[in-house]
Protein chains: 2
Amino acid sequence: MFRSEFPIFYVTVDVVLLAVREGQLVVLVVRRGEEPYAGAWALPGGFVGDGEELVDAARRELVEETGIVGDGLALEQLKTFGAPDRDRRPHRVVSVAHLGVTPYAETATAGTDAQDARWVPVDEVTGGLAFDHDAILDEARARAASKLEYTRLAASFLPPEFTIAQLRGVYEAVWGLRIDPGNFQRKLRASAGFLESTGDSVKPASGRGRPAEVFRALGEPFEALGAPIFRSAM
Amino acid sequence: MFRSEFPIFYVTVDVVLLAVREGQLVVLVVRRGEEPYAGAWALPGGFVGDGEELVDAARRELVEETGIVGDGLALEQLKTFGAPDRDRRPHRVVSVAHLGVTPYAETATAGTDAQDARWVPVDEVTGGLAFDHDAILDEARARAASKLEYTRLAASFLPPEFTIAQLRGVYEAVWGLRIDPGNFQRKLRASAGFLESTGDSVKPASGRGRPAEVFRALGEPFEALGAPIFRSAM
DNA sequence: TTGCTTCTTGTCAGGCCGACAACTACGGTC
DNA sequence: GACCGTAGTTGTCGGCCTGACAAGAAGCAA
């Protein structure tokens, strides 16, 4: 029933955890402590445990390697990378990559398996990661940009309560373009089932200017939006 | 370096091959010849070979089990299913599901591993497949519907040359709704970089009515369209 | 020729979008 | 306190796309 002719695999999970820091899209990377690629930067990840769900493994590795707990963290499977030569080690290793989004926080600390963990602007990670992690990052970035159009994922980049201007900042950072504040405001307020006003208002981030109304996001991060929000030429 | 504590996996590929037959969305299923689920219907698929790319394994299994050759066949990774209990056998089996689209043809024949292969309307496959293949089919269906909006995938359901009415039939079958012929015509002709006229025209399928202009599709099946084609309320 | 079918083009009202102006509500400065 | 700068919010307007529907074009059948 299990013939020896079927090859044996190891299965890992990798996590592309994205956040927005000062208007820049950043990704969490760890410095590898073990061979192969010891000392190189890589995406957090590791081997899937016995009887463990794939997404649970991703969440666990994130905690172990970076100390980031999955509270308020949106995590979804991205794509599986299984090229025969993607790992130098004797057995074949297939990696199920995950896309994660979280509000930015200075909590990235070294865990057990990794010597160091830090946030890096995705634009500055050009060809520098271990394994095929550059390709995984590219895929994640494209997926995130696309998910912003038709899901509520943008809110996962922010704390539970936020202003429309902050949300606009997320779209601008991920899409890499400037958006008209007025039109964005109108569009988001009209988008049914996405935002809910808390009634509060807060000073703008710069300290100057009119206070902004505070909102909460409705629904689940990866849940589809009634009407998409386009990046066409915004 | 490879510690024995890491669990060992088998990796399989499964293919959800979709087509449109007489206005109905159909999926290719095979009858299993071996345990587990011997005699039950399942998606074509099998174990990934040594040194074999995942998508190549999917294409190979399709040929072996159904005789369908990947000529004019659009194939892309869909999602990986790896729940610990998804396979009854001793070792854990992770399956990398693929979405395939092909013009309908009566070529589904039994291969080596499967006793029988046939096209079944997706609406009639309610809870009847082996393993977690029902969930995989659901995922594929949703993905295909979504891909029709913003890629050129619809053309992969048809032979190289086709009419706009045939293309409309694809959208109607996959989305499960009727589309206004006039508006669809205008929309598709305006959609730059999708269709190219061959200059020919053919009789409509029914034999009656005005002949239709024949088109060819430009670009790759999973390549993004300049402007999306919405299913909102068409 | 007439009728029927299907593809194709036309019309038109309504809605959404992008560009941009105007207004509002603060803090800071003289 | 008057003024100014900034940022959030609302308003305006022309253009484009959409959906509903009508009309024309090109074949087949009786």
Side-chain angles (χ1 to χ4, degrees), chain A residues 22-23 148-150 154 158 161-173 175 177-216 225-234, chain B residues 22-23 148-150 158 161-172 175 177-216 225-234:
Chain A
E22 294 165 17
L148 249 53
E149 288 192 331
Y150 57 94
L158 299 171
E161 303 201 339
F162 53 86
T163 68
I164 291 188
Q166 288 179 290
L167 194 63
R168 175 165 51 86
V170 169
Y171 278 91
E172 290 179 331
W175 287 349
L177 38 87
R178 249 171 289 139
I179 301 174
D180 181 276
N183 294 334
F184 186 80
Q185 185 95 212
R186 192 159 25 82
K187 176 89 185 171
L188 269 284
R189 282 176 185 271
S191 185
F194 189 7
L195 301 182
E196 175 189 53
S197 174
T198 65
D200 299 332
S201 59
V202 293
K203 289 194 299 186
S206 67
R208 288 169 301 193
R210 171 175 172 174
E213 196 173 345
V214 177
F215 290 84
R216 248 191 309 272
L225 232 36
I229 294 166
F230 285 121
R231 78 185 117 164
S232 48
M234 252 188 158
Chain B
E22 293 164 17
L148 249 53
E149 288 192 331
Y150 57 94
L158 298 171
E161 303 200 340
F162 53 86
T163 68
I164 291 189
Q166 288 179 290
L167 194 62
R168 175 165 50 85
V170 170
Y171 278 91
E172 290 180 330
W175 287 348
L177 37 87
R178 249 171 289 139
I179 300 174
D180 181 276
N183 293 336
F184 186 82
Q185 185 95 212
R186 192 158 26 83
K187 175 90 184 171
L188 269 284
R189 282 176 184 271
S191 184
F194 189 6
L195 301 182
E196 175 189 54
S197 174
T198 65
D200 298 332
S201 60
V202 292
K203 289 193 298 183
S206 67
R208 289 170 300 192
R210 170 175 172 175
E213 196 172 345
V214 177
F215 290 84
R216 247 190 311 271
L225 231 36
I229 294 166
F230 284 121
R231 77 185 118 163
S232 47
M234 252 186 157

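Quick note on labels: first sequence line is chain A, next is B, and so on, each numbered from 1.
- Across the protein-nucleic acid pair, A:Arg178 atom CZ and C:dG18 atom P stand 16 Å apart, rounded to whole Å.
- Between A:Leu188 and A:Phe215 there is no side-chain heavy-atom pair separated by less than 4.5 Å.
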Please tabulate, one pair per line, all N/O donor-acceptor pairs under 3.5 Å involving side-chain atoms of residues 161-172 of chain A, not counting sequence neighbours.
residue, atom, partner, partner atom, Å
A:Glu161, OE2, A:Arg216, NH1, 3.1
A:Thr163, OG1, A:Ala165, N, 3.4
A:Thr163, OG1, A:Gln166, N, 3.1
A:Gln166, OE1, A:Thr163, N, 2.9
A:Tyr171, OH, A:Leu148, O, 3.0
A:Glu172, OE2, A:Ile179, N, 2.9

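- The nearest whole Å value for the distance from the CD1 atom in A:Ile179 to the C1' atom in D:dG8 is 16 Å.
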Pairs under 3.5 angstrom only: tabulate donor-acceptor contacts from the side chains of residues 198-213 of chain B to other protein residues two or more places apart or in another chain.
residue, atom, partner, partner atom, Å
B:Thr198, OG1, B:Asp200, N, 3.2
B:Thr198, OG1, B:Val214, O, 3.1
B:Ser206, OG, B:Arg208, N, 3.3
B:Ser206, OG, B:Arg208, O, 3.3
B:Glu213, OE1, B:Arg189, NH1, 3.4
B:Glu213, OE1, B:Arg189, NH2, 2.9
B:Glu213, OE2, B:Ser197, OG, 2.8

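- At C:dC16, none of the side-chain N or O atoms of A:Lys187 fall inside 4.0 Å of OP1 or OP2 (strictly under the cut-off).
- Side-chain nitrogen and oxygen atoms of A:Arg168 include at least one within less than 4.0 Å of the OP1 or OP2 phosphate oxygen of D:dG8.
- No side-chain heavy atom of B:Lys187 sits less than 4.5 Å from a side-chain heavy atom of B:Phe230.
- Atom CD1 in A:Ile164 sits roughly 13 Å away from atom C1' in D:dA7 (whole-Å rounding).
- Enclosure of atom CD in B:Glu22 is not indicated, since only 12 or fewer non-hydrogen atoms of other residues, nucleotides or ligands lie within 6.0 angstrom.
- One finds a side-chain N or O of B:Arg189 lying less than 4.0 angstrom from the OP1 or OP2 phosphate oxygen of C:dT9.
- Residue A:Gln185 places at least one side-chain N or O closer than 4.0 Å to OP1 or OP2 of D:dT9.
- D:dC3 atom P lies 21 Å from atom CZ of A:Arg208, rounded to whole Å.
- Heavy atoms of A:Ser206 sit under 4.0 angstrom from primed sugar atoms or phosphate atoms, though from no base atom.
- The residue among B:Pro228 and B:Gly207 whose nearest nucleotide of DNA chain D lies closer to the 5′ end is B:Pro228.
- For B:Thr163 and A:Gly209, each mapped to the nucleotide of DNA chain C holding its nearest heavy atom, the one lying further toward the 5' end belongs to B:Thr163.
- The distance between atom CZ of B:Phe230 and atom C1' of C:dG15, rounded to the nearest whole Å, is 15 Å.
- The stretch residues 195-204 of chain A comes close to DNA chain D through A:Pro204, each having a heavy atom under 4.0 Å from the strand.
- Nearest heavy-atom pair, A:Ile229 versus A:Leu225, reported as atom, atom and distance to 0.1 Å: CD1-CD2, 3.8 Å.
- Protein atom CG of A:Leu177 is 11 Å distant from nucleotide atom P of C:dG18, rounded to whole Å.
- Taking atom CD of residue B:Gln166 and atom P of nucleotide C:dT6, one finds them 14 Å apart after rounding to whole Å.
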Between protein and nucleotides 21-24 of chain D, what N or O pairs are separated by less than 3.5 Å?
residue, atom, partner, partner atom, Å
D:dG24, N2, B:Arg210, NH1, 3.0

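- The interatomic distance linking B:Phe162 (CZ) with C:dT6 (P) rounds to 21 Å, in whole Å.
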